[in-house]
S.K.: 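I have a structure here, written as structure tokens, and I will follow up with some questions on it.
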2 protein chains.
Amino acid sequence: MERTRKPQQERAKKTVEAIIEAGFMFISRQSKETLTTTKVADIAGVSVGTLYEYFGNKEEILDAMYARFSEDVTAMLREVTPEVIRKTPDQGILHILQHLREMLSRDNQRYLHCAALLSQNLPEQHVAPIRQVLATLSLQYLSRNPEYINLPNLPVMNYIMTHGGIAALVHQLSSDDPMVTFDELSQGLATMARHMIEGSRRDAEQANP
Amino acid sequence: MERTRKPQQERAKKTVEAIIEAGFMFISRQSKETLTTTKVADIAGVSVGTLYEYFGNKEEILDAMYARFSEDVTAMLREVTPEVIRKTPDQGILHILQHLREMLSRDNQRYLHCAALLSQNLPEQHVAPIRQVLATLSLQYLSRNPEYINLPNLPVMNYIMTHGGIAALVHQLSSDDPMVTFDELSQGLATMARHMIEGSRRDAEQANP
DNA sequence: ATGTTTATTCGGATTCAACTCGGTTATGGA
DNA sequence: TCCATAACCGAGTTGAATCCGAATAAACAT
């Protein structure tokens, strides 16, 4: 027997939506630490009791926000996949990053305003689906561009690119005074991928002339 | 007027030490969420009141733990710097990573047992000094190996390597079922650095024959 | 229409962990 | 030995998270 319920009627869905929305509003002005269920309920225009009908505890509100973000990223990735797999690796990466920036700027830059929260607290549980979709994208890419399949180190390179790339991006986006611009970083990641691929190829040729 | 005091007598230093130690003990068995000041005080063998003499709030206990970790990493980096700058970039990276693993295994693997905490919660404030020392190390490296100075993209490459590398490592270390081994990842990071340097060189020669 | 059931909302009451504070004990030096 | 100060203690206070029983609204059957 669940202690929280799923919204069934239209107004209940609006309520849940308002609560998540209130969460984003609050976080964009204040921090995770100063967030209280009462304040979120107030902003959402509902009572605490109502809030607890749909969210078992405070964390679940944040979880819903993280999930929303994660879904938006994965949706974007799935959407651009067909175009990306037609490009060179570095151009594909640039393509993804341009769409990412566009996505982060939607809704009056909602996500960018919450960058501190998302970069410092996004739990692995919600990052995992993003990695998953990136892995799928890589596979599709290889399937359409088999010339890259034989590269040695491919799994490790992939691992570093996805984990490291996400981290570098997130850090750039949430920094007040970034050491590099988003464009420089995008370009750098794309260039890095190109060099890694070319380098691996050379290594392979060296070993197997 | 501070609300917390600095330990002056020997026994007070022992107390502070015991509290931080208790924090690590607790986290290695449970999580940040289930940690309470009372439980930490109990484990440390002191009363809550005493705990609050030296730590203004619960977060400060965790902060002390993060700081301890950060200091251990930076100390290690400073220690290996002289040897690292005598090696090739990829060998230097491997050297650092071997020492890192050794450091993480000290004290009965204290840090590895707290990997989830350190990887998910280590605040930027405590990562920054590590990046700082890495930046210094890079500068010293370049100073001793000026042949790398003219590489285009050096700042961005450095940014990606430090931010991305740290993230990939931390993820690997805290994962129950890592997709790659620590050694593979070390090797991958070293190889990646080599390819990026060689690739940048080629690009530069291409543009400026 | 009207009664009935179920969904939704409400906000005061409860709980529990963070934090406080006045009192006690230990230390170090005059 | 005595005093000032450091350290320690743990019951008591506070406030935010969470609960729950009553009130209201929608859905739906008759």
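All chains are named by letter (A, B, ...) in the order of the sequence lines, taking the proteins before the strands, and each is independently numbered beginning at 1. In this text, all values refer to a predicted model and were calculated from it rather than measured experimentally.
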S.K.: So, for A41(A) and V48(A), which heavy atoms are closest and what is the spacing to 0.1 Å?
M.R.: CB-N, 3.8 Å

S.K.: Between protein and nucleotides 12-20 of chain D, map the contacts as a letter string: B base, S sugar-phosphate only, - none, heavy atoms under 4.0 Å, written 5' to 3'.
M.R.: ----SSBSB

S.K.: Figure out the NZ/C1' separation between K14(A) and dT9(C), and round it to whole Å.
M.R.: 16 Å

S.K.: Going by the rule salt bridge (Lys or Arg N to Asp or Glu O under 4.0 Å), which residues pair with E17(A) if we only count those two or more places apart in sequence or in a different chain?
M.R.: R68(A)

S.K.: How are the rings of Y159(A) and H163(A) set relative to one another: parallel (under 30°), tilted (30 to 60°) or perpendicular (over 60°)?
M.R.: parallel

S.K.: Residues from residues 16-33 of chain B sitting under 4.0 Å of DNA chain C, heavy atoms only?
M.R.: none

S.K.: Which residues pass the ring pair (Phe, Tyr, Trp, His ring centres under 6.0 Å) test with H195(A), not counting sequence neighbours?
M.R.: none

S.K.: Does any pair with a residue in residues 120-131 of chain B pass salt bridge (charged side-chain N to carboxylate O under 4.0 Å, His left out), and if so which ones, sequence neighbours excluded?
M.R.: E124(B)-R131(B)

S.K.: Over all strands shown, is F55(A) touching base, sugar-phosphate only, or nothing at heavy-atom distances under 4.0 angstrom?
M.R.: nothing

S.K.: Who passes ring pair (Phe, Tyr, Trp, His ring centres under 6.0 Å) against F26(A), sequence neighbours left out?
M.R.: none

S.K.: Please report, rounded to the nearest Å, how far the C1' atom of dC16(C) is from the NZ atom of K39(B).
M.R.: 12 Å

S.K.: Side-chain N or O of T15(A) versus OP1/OP2 of dT8(C): is the shortest distance under 4.0 Å?
M.R.: no

S.K.: Can you name the residues that form a side chain to side chain contact (heavy atoms under 4.5 Å, CB included) with T81(A), not counting sequence neighbours?
M.R.: I85(A), L137(A), Q140(A)

S.K.: Rounded to whole Å, please give me the gap between NZ in K6(B) and P in dA7(D).
M.R.: 12 Å

S.K.: Could you work out, with salt bridge (Lys or Arg N to Asp or Glu O under 4.0 Å) as the rule, every residue matching R101(A), not counting sequence neighbours?
M.R.: D183(A)

S.K.: By ring pair (Phe, Tyr, Trp, His ring centres under 6.0 Å), which residues pair with F55(B), not counting sequence neighbours?
M.R.: none

S.K.: Rounding to a whole Å, what distance do you find between K13(A):NZ and dA7(C):P?
M.R.: 13 Å

S.K.: Anything under 3.5 Å between a protein N or O and an N or O of nucleotides 27-30 of chain C, put it in a table, one pair a line.
M.R.:
none

S.K.: Got a sec, which pairs hit side chain to side chain donor-acceptor pair (under 3.5 Å) with one end in residues 105-117 of chain A, sequence neighbours left out?
M.R.: E21(A)-R110(A), D72(A)-Y111(A), E102(A)-R106(A)

S.K.: Which pairs, with at least one residue in residues 77-98 of chain B and sequence neighbours excluded, count as a salt bridge (charged side-chain N to carboxylate O under 4.0 Å, His left out)?
M.R.: D90(B)-R194(B)

S.K.: Please give, in whole Å, the distance from dA25(D) P to E10(A) CD?
M.R.: 18 Å

